[in-house]
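Here's the structure we're looking at; comments come further down.
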Amino acid sequence: MAAAAGDVPMKARSLLTTLGLSLAVLSSVALPAQAETKTLVNGPISAEVSYDPEPDSRFVNNVRIQISRQGQTLLDAAVPESNLVALAARGEVPVEIQDLDADGEPEVILDLYTGGAHCCTVSNIYRYLPDQNTYQASTKDWRDYSYRREFLNGDAVPEFVSADPRFAYQFTSFAGSGVPVQIWNYRAGRWTDVTRQYPARIYNDAFRWWQSFERVRRENPNHDALEVRGVLAAYMADKYLLGQEEDGWRRLRQVYRYSDREQYFSELRSFLRETGYAR
């Protein structure tokens, strides 16, 4: 049966209303952000990092890295633990190509920041394996303290200057904890703690922690032991690194007169042995 003449306009109006509602719903739904890509080229090597940005945030998801040599892709993989990581500060491209061990073969360095109450900078370093014609990843979690890359020897090999995160919360709150300097180098895919090779840096660090202790005593004469236990632990760690532990204990016995004196000394000695400071 043919439709009545008045039915067509009514159906058309109904269809337009439905379409309008659908478009309104679609416009109110936040569409996912498009993946972004950052690329760095150094001679025959190129490194491309892709990720899905979180709307209105520094955080990103689904980080992948692709490394090519002379136009041939040798690695295309997801970055471990790459969900909700933040980009480098100031919007910098979070990837570098640098020879970290002066062997003539540059590494690809991808630093990411996990965020959270206790942040964490994680370095992902990709090393070329010529026998296998591929790249192998090495991950270093710096936890709360990140690092600075410095040339401490005056050579072409950088050191990674950071702090020992094992001291956080060990003897007091996080805010009151002292964390002794820790220096690493990277060689052929391996990380080595080389802190003892830099006594001047250790001495400056020990001096800093002792000054922190003196500042607490000066600014708050009624402070309790928890306000100084952390910084004195870091000071003693540095004194062990310098081979001056006897002098450190002598000074500690002179100034630490709190009620938990013997318990603290016992716990500190045990911890320094467990962490390798006391040999």
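In what follows, residues are counted from 1 in the order of the sequence shown.
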Trp210 ring center near Phe207 ring center (under 6.0 Å): no

Shared hydrophobic cluster, Ile125 / Leu75 (ILVMFWY, side-chain heavy atoms < 4.5 Å): no

Check: Phe167 ring centre within less than 6.0 Å of Phe271 ring centre: yes

Any Lys140 side-chain heavy atom under 4.5 Å of Val122 side chain: no

Candidate pair Trp249 and Arg269, rule side-chain contact (heavy atoms from CB on, under 4.5 Å), full reasoning: CA-CA 10 Å; Trp249 280 113; Arg269 285 184 186 275; 3.3 Å; yes

Test item: side-chain donor near acceptor, Trp142 and Ser123, under 3.5 Å: yes

Under-4.0 Å salt bridge between Arg143 and Asp141: no

Minimum side-chain heavy-atom gap Asn61-Tyr51 below 4.5 Å: no

CZ (Arg190) with more than 12 external heavy atoms under 6.0 Å: no

Beyond-backbone contact of Gln98 with Ile109, side-chain heavy atoms, under 4.5 angstrom: yes

Hydrophobic cluster identity match, Leu129 and Ile97, side-chain contacts under 4.5 Å: no

Salt bridge Arg149-Glu96, side-chain N to carboxylate O under 4.0 Å: yes

Asp99 vs Glu107, side-chain contact (heavy atoms from CB on, under 4.5 Å): CA-CA, chis, key distance, verdict: CA-CA 5 Å; Asp99 189 352; Glu107 282 74 34; 3.8 Å; yes

Val181-Leu242 co-clustered via ILVMFWY side chain contacts under 4.5 Å: yes

Electrostatic pair Arg279-Glu245, nearest N-O below 4.0 angstrom: no

side-chain contact (heavy atoms from CB on, under 4.5 Å) evaluation trace for Phe171 with Leu232: CA-CA 10 Å; Phe171 299 102; Leu232 289 175; over 6 Å; no

Glu246 atom CD: more than 12 heavy-atom contacts under 6.0 Å: no

Trp191 and Phe160 aromatic centres sub-6.0 Å: yes

Carboxylate-amine/guanidinium proximity below 4.0 Å for Arg127 and Asp101: no

Verdict with supporting geometry, Leu152 and Arg201, side-chain contact (heavy atoms from CB on, under 4.5 Å): CA-CA 10 Å; Leu152 301 181; Arg201 286 297 183 102; 3.3 Å; yes

Beyond-backbone contact of Glu48 with Ile65, side-chain heavy atoms, under 4.5 angstrom: no

Side-chain donor-acceptor contact under 3.5 Å, Tyr145 with Asp164: no

Pair Ser68-Thr73, side-chain donor/acceptor within less than 3.5 Å: yes

Donor + acceptor pair across side chains of Asp111, Tyr147 (<3.5 Å): yes

Basic-acidic side-chain contact under 4.0 Å: Glu105, Arg69: yes

Check: Tyr258 ring centroid to Tyr256 ring centroid under 6.0 Å: yes

Any Glu227 side-chain heavy atom under 4.5 Å of Thr172 side chain: no

Thr195 and Ile202, any side-chain heavy atoms less than 4.5 Å apart: yes

Connected via hydrophobic side-chain network under 4.5 Å: Ile67 and Tyr186: no

Side-chain (Ser177) to main-chain (Ser173) donor-acceptor, under 3.5 angstrom: yes

Validation row: Pro130, Tyr128 side chains within 4.5 angstrom (heavy atoms): yes

Phe265 atom CZ: more than 12 heavy-atom contacts under 6.0 Å: yes

Flag for Asp238-Tyr277: side-chain donor and acceptor within less than 3.5 Å: no

Between Asn204 and Tyr198: side-chain donor-acceptor atoms closer than 3.5 Å: no

Cluster link Val231 to Val255, ILVMFWY, side chain under 4.5 Å: yes

Any donor-acceptor N or O pair under 3.5 Å, side chains Gln211, Trp209: no

Within-4.5 Å side-chain heavy-atom neighbours: Arg187 and Val157: yes

